[in-house]
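Written below as structure tokens is the structure these notes are about.
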Amino acid sequence: MPEILDPASPKPRVRFAPSPTGFLHVGSARTFIFNWLYARHNGGIMILRLDDTDVERNTQASVDSIFDGLKWLNLGWDEEYKQSERLDLHRKTAWTIFEKGLAYRDFTPAHTGEAEKSGAQGTWLFNPGARELSRTESDRRAAAGEPFALRFRVPRDGGQLVRFADAVYGEQVKAAADIEDFALLRSDGMPTYHLASCADDADLRISHIIRGQDHLSNTYKHVLIFEAAGCTPPRFAHLPLLVAPDGTKLSKRRHGPVVSVTTYRDAGFLSEAFINFLCLLGWSPKNDRENMSLQELTDIFSLEGINRSNAVVNFKDAAAAPEETFDPKALWLNAEHIRALPVEELSARLLPIVHHAGFHTTPEKMLRITPLIRERIKLLRDVLTAADFFFVDQLPPYDPAELIPQKGDAAMAMKVLSRAREVLAKVEFKHDPLDQALRAAAQELGVKAGQMFQPIRVAVCGRKNAPPLFETLEVLGKEATLARIEQAVQKMR
RNA sequence: GUCCCCGUCGUCUAGCCUGGCCUAGGACAUCGCCCUUUCACGGCGGUAACACGGGUUCAAAUCCCGUCGGGGACGCCA
């Protein structure tokens with residue numbers, strides 16, 4: 001269905017509204033991204049709003065985590081608000097609703113959350129005593145200073161229906177009688193999420209609310225609030241949930257740090273790859289494209305491509321090896337994005353990681369190493385295991401048996417290494433001369449090229465699996481190469 | 001318990017609205033082969049799915065009903 005924009009505000013205005021009660025997890029990140037993409041694709045405005053009306057649970061650490069994560073995503077936003085600075089608006093909205101008779105004071109003492117959950121009150125809808133209290137009596141008790149919560153008076157008769165059209169889930173209808181009289185203001189005067197969220201959405205002229213499907217059933221309440229406040233509700237688009245391999249909603253408690261955005265950052269994901277990955281969960285361009293740049297995503301993103309079933313983020317338990325913990329597709333996409341990066345840029349991104357790990361190298365050398373490893377790493381962090389031998393003076397210990405070539409023996413390894421030492425001492429350390437010299441040497445010794453190269457590779461890299469030999473030698477240089485071959489020869493003795 | 005949502009390969013998905021082109025397509029993962037100085041990249045190929053049961057129809061992954069399964073919401077949390 002084509003987007004019909006409100007003629008009064010042709011530019012869509014969308015918001016990402018996290019509550020700072022935990023770190024930024026991948027589900028929130030995806031919500032942010034989808035909002036951002038929608039805004040950018042349609043030339044609209046992206047708003048960041050901190051929904052911090054729960055003073056009890058807000059923490060500065062959460063605020064920091066959210067900004068850390070968003071900063072890394074590097075997408076930016078156009079306007080920024082804090083709900084705690086807009087309480088007057090929320091209260092005004094609440095009392096407007098009250099004055100219309102659509103809300104009432106509830107003097108019942110606050111329930112303790114636990115008792116409510118375990119009790120047989122699952123079907124609680126409202127407290128008749130509070131709801132039916134006369135206005136005069138209500139005013140009198142309020143004037144006497146008795147604390148109260150303000151509740152929405154949900155229509156109970158006439159079989160009224162609440163409805164809204166969801167851009168993803170379609171036409172939604174629910175009997176008002178099935179909706180409980182939810183709170184608007186707490187007894188301490190603070191607005192609840194429902195109230196604050198709607199009051200702000202209306203005031204900020206939000207045109208589209210794009211958020212997780214866990215809010216789908218809350219939306220009926222929001223529609224009620226918008227209408228009571230005399231506003232036209234925005235359009236809604238609910239996103240299918242991101243779930244863990246066990247099928248449940250992502251949570252730090254159950255799933256650990258794998259659900260935190262910063263975990264991906266720290267492991268060496270490129271934010272553009274991470275964004276790409278998240279976009280593929282619950283949305284599809286429907287043309288088999290998967291590896292996409294941000295520009296491409298912006299160009300083709302649309303609400304119609306969003307599907308309705310939950311998507312599994314296929315991570316393993318945090319206990320697994322670093323490379324094993326992430327969704328294989330995220331890893332693959334990251335490798336793809338790494339390979340797509342210009343060498344200069346990849347090199348520049350790798351350098352700080354190398355330094356941070358305590359290795360010494362120069363930007364110039366890093367630039368020469370980068371092409372040798374870029375097809376061999378999936379995470380930026382992998383540079384540490386793929387190129388370590390370039391950075392150290394002394395190779396870590398390795399098993400001398402590794403020096404023995406395929407279908408060869410110790411004697412052959414010895415013969416190859418000795419000859420390599422002589423040949424390499426004389427040859428220019430450039431790819432072609434190295435290639436020629438070493439192949440010629442292999443022929444003279446009567447061994448296969450591979451049998452010649454493998455002992456040298458192990459002597460120089462300390463392991464069998466490494467980048468191509470001649471390029472490696474070229475970057476490593478004659479001095480280090482000869483020293484390492486000498487050491488290998490000593491090991492064989 | 002009440003209400004709501006969802007159900008195509010192991011995973012992400014295309015197809016569903018507008019039944020036939022679907023002996024169900026792509027990707028990741030996995031397995032095999034090729035390329036090759038190792039690893040990787042790349043190329044080629046294989047295994048692998050319409051939850052189940054009814055109905056409607058000449059024809060159903062696609063429409064209808066039911067069952068089962070999964071998820072979400074029900075707070076003076078967001």
Side-chain angles (χ1 to χ4, degrees), chain A residues 1 17-22 51-54 56-58 106 108-114 116-117 120-125 147-151 166 169-170 172-175 178-180 182-194 196-197 212-221 238 240-241 243 245 247-249 277 280-291 307-314 327-333 335 339 373-378 386 405-406 435 438-439 442 448-454 456-458 461 463-470:
Chain A
M1 68 194 100
S19 72
T21 54
D51 280 9
D52 57 350
T53 52
D54 184 359
E56 297 280 309
R57 303 197 312 158
N58 292 338
D106 181 355
T108 316
H111 307 271
T112 62
E114 283 312 306
E116 185 126 8
K117 241 171 208 171
Q121 291 211 353
T123 53
W124 183 92
L125 288 175
F148 61 85
L150 197 68
R151 286 188 183 281
D166 189 274
Y169 288 91
Q172 302 293 310
V173 187
K174 185 170 184 167
D178 285 330
I179 301 168
E180 73 279 8
F182 54 94
L184 259 19
L185 290 178
R186 302 180 239 247
S187 46
D188 62 1
M190 284 293 280
T192 62
Y193 158 76
H194 298 302
S197 176
Q213 189 242 46
D214 46 350
H215 284 295
L216 194 60
S217 44
N218 285 331
T219 306
Y220 298 102
K221 296 173 191 165
H238 286 89
L241 259 27
V243 298
T248 60
K249 226 165 63 146
F277 170 64
L280 263 19
L281 298 176
W283 173 81
S284 163
K286 304 192 188 296
N287 61 0
D288 289 342
R289 292 282 299 143
E290 298 210 292
N291 178 1
N307 49 243
R308 283 166 287 279
S309 43
N310 293 170
V312 174
V313 182
N314 205 5
D327 190 308
K329 199 149 196 171
L331 251 13
W332 169 74
L333 274 171
R339 290 193 286 268
I373 59 164
R374 84 157 156 173
E375 279 168 359
R376 275 162 262 266
I377 59 175
K378 289 187 165 135
Q406 280 281 306
D435 188 334
L438 258 14
R439 277 183 203 281
K448 295 189 169 189
Q451 292 175 313
M452 181 82 203
F453 301 153
Q454 194 65 358
I456 303 175
R457 189 195 324 281
V458 173
C461 304
R463 70 176 104 95
K464 283 178 173 170
N465 300 342
L469 186 60
F470 309 131

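Letters A, B, ... mirror the listed sequences (proteins, then strands); counts begin at 1.
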request  = Would you give the length of the straight line joining atom CG of A:Leu216 to atom CZ of A:Arg308, rounded to the nearest 0.5 angstrom?
outcome  =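 Going from CG on A:Leu216 over to CZ on A:Arg308, the span is 12.0 Å.
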ask   = With A:Phe470, which residues qualify under ring-ring contact (aromatic ring centres under 6.0 Å, His included), at least two apart?
value = A:His431, A:Phe453
Tell me what [X] touches on the nucleic acid: a base, only sugar-phosphate, or nothing, going by heavy atoms under 4.0 Å.
X        : answer
A:Pro18  : nothing
A:Leu469 : base
A:Ala183 : sugar-phosphate
A:His238 : nothing
A:Lys448 : nothing
A:Arg339 : sugar-phosphate

Scan every strand shown for a Watson-Crick or G-U wobble partner of [N], both distances under 3.5 Å, and answer none if you come up empty.
N     : result
B:C16 : none
B:G66 : B:C52
B:C3  : B:G72
B:C39 : none
B:G32 : B:C44

Would you measure the distance from the [atom1] atom in [N] across to the matching atom in [M] and give it in whole Å?
N     : M     : atom1 : result
B:A60 : B:U18 : C1'   : 14 Å
B:A51 : B:U62 : C1'   : 16 Å
B:C9  : B:C22 : C1'   : 15 Å
B:G70 : B:G26 : C1'   : 26 Å
B:U47 : B:A29 : C1'   : 12 Å
B:G15 : B:C31 : C1'   : 28 Å
B:C6  : B:C63 : P     : 12 Å
B:A49 : B:C28 : C1'   : 16 Å

message = When you measure from the side-chain N and O atoms of A:Arg151 to the phosphate of B:C76, is any distance below 4.0 Å, counting only OP1 and OP2?
response =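 The answer is yes; a side-chain N or O of A:Arg151 sits under 4.0 Å from OP1 or OP2.
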ask   = For A:Ser197 and B:A78, is the shortest distance between a side-chain N/O and OP1 or OP2 below 4.0 Å?
value =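 Checking B:A78 against A:Ser197, no side-chain N or O comes under 4.0 Å of OP1 or OP2.
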ask   = Can a salt bridge be assigned to the pair A:Arg151 and A:Glu180 using a cut-off of 4.0 Å between side-chain N and carboxylate O?
value =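 Judged by the 4.0 Å cut-off on N to carboxylate O distance, A:Arg151 and A:Glu180 do not form a salt bridge.
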Protein-nucleotide distance ([X], atom [atom1]; [N], atom [atom2]), rounded to Å:
X        : N     : atom1 : atom2 : answer
A:Trp332 : B:A27 : CH2   : P     : 9 Å
A:Phe453 : B:C39 : CZ    : C1'   : 15 Å
A:Ile179 : B:C74 : CD1   : P     : 13 Å
A:Asp214 : B:G70 : CG    : C1'   : 16 Å
A:Glu180 : B:G75 : CD    : P     : 5 Å
A:Ile377 : B:C39 : CD1   : P     : 19 Å
A:Arg376 : B:U37 : CZ    : C1'   : 12 Å
A:Asn218 : B:U2  : CG    : P     : 20 Å

key: Side-chain (A:Gln451) to main-chain (A:Gln406) donor-acceptor, under 3.5 angstrom   =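 Yes.
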Any donor-acceptor N/O pair, A:Arg374 side chain to A:Arg376 backbone, under 3.5 Å =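 Checked: no pair found.
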ask   = A:Pro468 side chain: which of B:U38, B:C76, B:A78 is closest?
value =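 From the listed options, B:U38 comes nearest.
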Whichever of A:His194 and A:Lys378 has its nearest RNA chain B nucleotide further upstream toward 5' =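 Its nearest nucleotide being more 5', the pick is A:Lys378.
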remark   = Taking for A:Arg186 and for A:Phe470 the nucleotide of RNA chain B with the nearest heavy atom, the one nearer the 5' end belongs to A:Phe470
query = Looking only at heavy atoms, what is the nearest atom pair of A:Gln213 and A:His238, with distance?
reply =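 Heavy atoms only, the tightest pair is CA-CB, 4.1 Å.
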ask   = What is the minimum heavy-atom distance between A:Leu241 and A:Asp214, and which atoms define it?
value = CD1-N, 3.6 Å
query = Would you call A:Thr192 and A:Thr53 a side-chain contact if the rule is heavy atoms closer than 4.5 Å?
reply =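 Result no, sub-4.5 Å side-chain heavy-atom pair not found.
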ask   = More than 12 non-hydrogen atoms from neighbouring residues, nucleotides or ligands closer than 6.0 Å to NZ on A:Lys448, yes or no?
value = no
remark   = With sugar-phosphate taken as primed atoms, P, OP1 and OP2 and all else as base, the protein-contact string of nucleotides 3-15 of chain B at under 4.0 Å (heavy atoms; B, S, -) is S-SSS---SBSSS
request  = Evaluate the side chain to side chain contact (heavy atoms under 4.5 Å, CB included) criterion for residues A:Leu150 and A:Asp106: first the C-alpha distance (whole Å), next the side-chain angles of each, then the deciding distance (0.1 Å), finally the verdict.
outcome  = CA-CA 6 Å; A:Leu150 197 68; A:Asp106 181 355; over 6 Å; no
